[in-house]
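These notes concern the structure reproduced below.
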There are 2 protein chains.
Amino acid sequence: MDEKDDFALQDFLPYLLNRAAEESSLGFQKHYKNRYGMLRTEWRVLFHLGNYGQMTAKEIGSRAKIHKTKISRAVAKLTEKRFVTRTRDESDRRSEHLALTPAGEAAYKDLREHALEFDTQICARFTTGEVAILRYMLRNLAGIEP
Amino acid sequence: MDEKDDFALQDFLPYLLNRAAEESSLGFQKHYKNRYGMLRTEWRVLFHLGNYGQMTAKEIGSRAKIHKTKISRAVAKLTEKRFVTRTRDESDRRSEHLALTPAGEAAYKDLREHALEFDTQICARFTTGEVAILRYMLRNLAGIEP
DNA sequence: GGATATTAGTTGTTTTTGTAACTAACAAGG
DNA sequence: CCTTGTTAGTTACAAAAACAACTAATATCC
């Protein structure tokens, strides 16, 4: 007989993580995509500004581990949409502080509502303890501190 | 004061899942990319054939939830690399059975080794119980049965 | 002060993906 | 048979991502 596999692809963590991530993204995607014509990087930038307040492209990039070219283009799109304003830092004129406009704030709050609801819905399938473990492990795997 | 946020972006599951997935992919990526010049879909197809044996593009697609155009292109690349052979199904000449060549089998085994090792390394950061919960939850989120 | 290196951010070019339209083989109903 | 519908897989074209090269401002060190 064949030297058969004890390897189970559907247990391989990078595979499983990607599948789960893709699947879970779909549900949220339709909100920011259909409703605001945003791309993945765009909602991420929007959420960073909404959640943490004004910051520079650099800061968003290092927090979210997104490459600067992606940020640059996302910020350009968000500025076009009048969701974000840029103001040069006068003490270091290379960088600029990004902030949400009222319209951007409104979009953020709307999307945050959906996010919260979506998240709650996912969690409902599991126990509170399980969810806590999942979050803790994912934060660890993602390289996010606490 | 400001109507402040109880929403924590870094706890939002779709975000967290994506970050964890991206991060965990990086480590494995260099094996299939640097060593075999493969793309993500290509190793997935290779692994499906190596792990489950001969199957059609359709079957791989529905198992892995990959769109048929991506499969089609991945199979073309893998065929170029002489890792996969295609044989028409004579009872239904629309579909073809894909199988690994000896070279494909060798690449699969090599990569599987790295996958196993990589997975073990990840798991080492957690307890056995935690890992079991993680896998169970990810399978659920990914829409994979058991 | 001035050459050199770094850093923030942008732009251009190439890969890769997504979407839609296509071909070829089969299936079913009349 | 022969129209109509469906399925497996491919191809063509548009959208998005990756990567490299660029500009402009600042920092460093002699």
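Naming: A, B, ... by sequence-line order, numbering from 1 per chain.
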(request) Examine the side chains of Tyr108(A) and Glu113(A) and answer whether a donor and an acceptor come within less than 3.5 Å of each other. (result) no

(message) Just to verify, what does Lys81(A) make a salt bridge (Lys or Arg N to Asp or Glu O under 4.0 Å) with, not counting sequence neighbours?
(response) Glu42(A)

(message) My understanding is that only residues two or more places apart in sequence, or in another chain, count here; which of them pass salt bridge (Lys or Arg N to Asp or Glu O under 4.0 Å) with Lys65(B)?
(response) Glu23(A)

(message) Tell me every residue that passes side chain to side chain contact (heavy atoms under 4.5 Å, CB included) with Glu117(A), counting only those two or more places apart in sequence or in another chain.
(response) none

(message) Test of understanding: with salt bridge (Lys or Arg N to Asp or Glu O under 4.0 Å), list the residues that count as partners of Glu145(B), not counting sequence neighbours.
(response) none

For residues 122-131 of chain B, tabulate all N or O donor-acceptor pairs below 3.5 Å that involve a side-chain atom, not counting sequence neighbours.
from      : atom 1 : to        : atom 2 : distance (Å)
Arg125(B) : NH1    : Asn140(A) : OD1    : 2.7
Thr127(B) : OG1    : Glu130(B) : N      : 3.0
Glu130(B) : OE1    : Thr127(B) : N      : 3.0

(request) Kindly write out the residues that satisfy side-chain hydrogen bond (donor to acceptor under 3.5 Å, both in side chains) with Ser91(A), not counting sequence neighbours, or none if the list is empty. (result) Asp89(A)

(request) Using a 4.0 Å heavy-atom cut-off, write out nucleotides 5-12 of chain C from 5' to 3' as B (base contacted by protein), S (sugar-phosphate only) or - (no contact). (result) -BBSBBBB

(request) Round to a whole Å and report the spacing from NZ of Lys77(A) to C1' of dA17(D). (result) 12 Å

(message) Distance check needed: dT11(D) P versus Lys70(B) NZ, whole Å only.
(response) 19 Å

(request) Enumerate the residues from residues 12-41 of chain B whose closest heavy atom to DNA chain C is under 4.0 Å, giving them by residue number; use none for an empty result. (result) Leu39(B)

(request) Determine which pairs satisfy ring pair (Phe, Tyr, Trp, His ring centres under 6.0 Å) with at least one residue from residues 13-34 of chain A, sequence neighbours left out, and list them in order. (result) Phe28(A)-Tyr32(A), Phe28(A)-Trp43(A), Phe28(A)-Phe12(B), His31(A)-His114(A), Tyr32(A)-Trp43(A)

(request) Using whole Å, report how far CD of Glu42(A) lies from C1' of dA15(D). (result) 12 Å

